[in-house]
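Working notes, structure below.
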Amino acid sequence: MRPAAIARVWLGAGQAHETVAVPGVALGPADALVAVELSTVCGSDVHTVAGHRPAPTPLVLGHESVGRVIAVGDDGVKTVDGSDLRVGDRVVWSVTVSCGACDRCSAGHPQKCRSLHKYGHERIGPRWELTGAFATHVHLCAGTAIVRVPEALPSAVLAPASCAAATAWAAVGRGAAGRDLEGRRVLVYGAGLVGLSAVAIAADAGAEVTVVDPLPARRAFAERFGGTAATIASEPADIVIEASGHAVADAFAAADVGGTVVLVGSVFPADAVPFDAESAVRRLLTVTGVHNYTARELAAATAFLAGTGRAYPFADAVGAVFPLDDVDAAIAAASVPDAPLRVAVNPR
């Protein structure tokens, strides 16, 4: 490659990123190489750098991105809709790489594949150096869900789609469980980008959505995504989506008889939460967890953003944009209490 691809490599807690040049990429027959257009800093990136979650090093962080295909393996690559991936396609891709054949993949849980790999979470190694999105390019391996996206949709909307929007789509879908959301009472704890995406998705489907968050700025933003903002839940809900990781007990308490509690925010170590089994039994509760998503959910979330989701201010969720050389500053900016929903990194 001329010029060589550049990746910013994280070496461990307390250490600054270092630059690694990757002059050549060995694509497998069903792999693809993508030039990164924009990446955003997810909360998991912040937690990793802060030492709050284990991670193998050296590591290229970043898994929320949009980019353009510049090379495809000899056997070709299919997108989620079954069409051929072409050089020049603008795409987003799943955070996970799955085999598609193990018992978990066959059961509809590819995000928990027996041989799972994850972008932005893997130690770099020979033949797969471009493993994360804080780089000029990402090497997409066979088993990655790839979705072609519209040229006109802003990169600030698309970059978080492969984490926040797709996870939120999965959470709302799990809560609905095939039921029509028209008139349903949906309660979302946490007005981060996953929570706000869930608010918009549910509101767009006709639900009456309330979002609870302690921060006034986040509550004000939630109103623009179709929800009614509050500091506490005022009435029981049919579907409760806990997207913060800090209000699990409140989420259990807020579910109405026959309700569903969807846990999606508990992705970091925290104290155990008491669980009143008798109350859950008597209220006929369903409790379910969502972690990552399937290829179909990524495609559906992206279609929402490109369709009726345009009515919601997803582009405004991204605040400051940093150059790739300043990825440490970008992560620091995303770590402060009053940080924007997303900080971006632009390698171009």
Side-chain angles (χ1 to χ4, degrees), residues 38 40-43 64 66 92 149-150 152-173 175-176 181-235 237-247 250-251 254 262 264-265 297 300-321 333-334 336-344:
L38 189 76
T40 44
V41 180
C42 178
E64 293 185 343
V66 57
V92 297
V149 296
L153 206 58
S155 56
V157 173
L158 288 169
S162 57
C163 187
T167 301
W169 188 275
V172 173
L181 286 178
E182 184 71 37
R184 297 277 183 180
R185 298 163 298 167
V186 175
L187 175 63
V188 177
Y189 281 95
L193 193 51
V194 172
L196 290 179
S197 299
V199 170
I201 292 165
D204 195 66
E208 299 173 2
V209 187
T210 301
V211 57
V212 174
D213 195 281
L215 299 179
R218 294 280 178 93
R219 293 198 300 273
F221 207 31
E223 298 276 354
R224 299 173 61 197
F225 279 81
T228 299
T231 54
I232 59 172
S234 60
E235 63 177 2
D238 302 309
I239 300 169
V240 183
I241 298 174
E242 205 296 311
S244 73
H246 300 289
D250 292 338
V262 183
V264 66
E297 288 160 342
T302 305
F304 167 74
L305 294 173
T308 55
R310 290 175 182 260
Y312 305 96
F314 283 100
D316 294 346
V318 176
V321 180
V336 298
D338 59 347
L341 291 166
R342 284 296 187 271
V343 170

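By convention here, the first residue in the shown sequence is residue 1.
Put simply, the side chain of L153 reaches to within 4.5 Å of the side chain of R310, judged on heavy atoms. Using a 4.5 Å cut-off on side-chain heavy atoms (C-beta onward), P313 and F221 make contact. For the pair L305 and V149, the minimum side-chain heavy-atom distance is 4.5 Å or more.
Rounded to the nearest 0.5 Å, atoms CG (L215) and OG1 (T231) are 12.0 Å apart. Rounded to the nearest 0.5 angstrom, F225 CZ and L193 CG are separated by 6.5 Å. T228 OG1 to E223 CD: the interatomic distance, rounded to the nearest 0.5 Å, is 5.5 Å. Atoms CZ and CD, on F304 and E297 in that order, are 14.5 Å from each other to the nearest 0.5 Å. Distance CG/L341 to CZ/R218: 4.5 Å, rounded to 0.5 Å.
In this structure, V240 and A237 approach most closely via the heavy-atom pair CG2-CB, 3.9 Å. In plain terms, the two heavy atoms of A233 and L187 that are nearest each other are CB-CD2, 3.6 Å. Here the closest non-hydrogen pair linking A203 and G226 is CB-O, 3.6 Å. Listed here is the closest heavy atom pair of V194 and A243: CG1-CB, 4.3 Å. Taking every heavy atom of both residues into account, P214 and P216 meet most closely at O-CD, 3.5 Å. A pairwise comparison of heavy atoms in L181 and A202 identifies CD1-CA, 4.3 Å as the closest pair.
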Should L196 and Y312 be marked as a side chain to side chain contact (heavy atoms under 4.5 Å, CB included) after you check the CA-CA gap, both sets of side-chain angles, and the distance that decides it?
CA-CA 10 Å; L196 290 179; Y312 305 96; over 6 Å; no
Kindly indicate, with the supporting measurements, whether the criterion side chain to side chain contact (heavy atoms under 4.5 Å, CB included) is fulfilled by V321 and L38.
CA-CA 9 Å; V321 180; L38 189 76; 4.2 Å; yes
Evaluate the criterion side chain to side chain contact (heavy atoms under 4.5 Å, CB included) for residue pair D250 and E242; output intermediate values, then yes/no.
CA-CA 9 Å; D250 292 338; E242 205 296 311; over 6 Å; no
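No donor-acceptor pair under 3.5 Å is formed between the side chain of R342 and the backbone N or O of A317.
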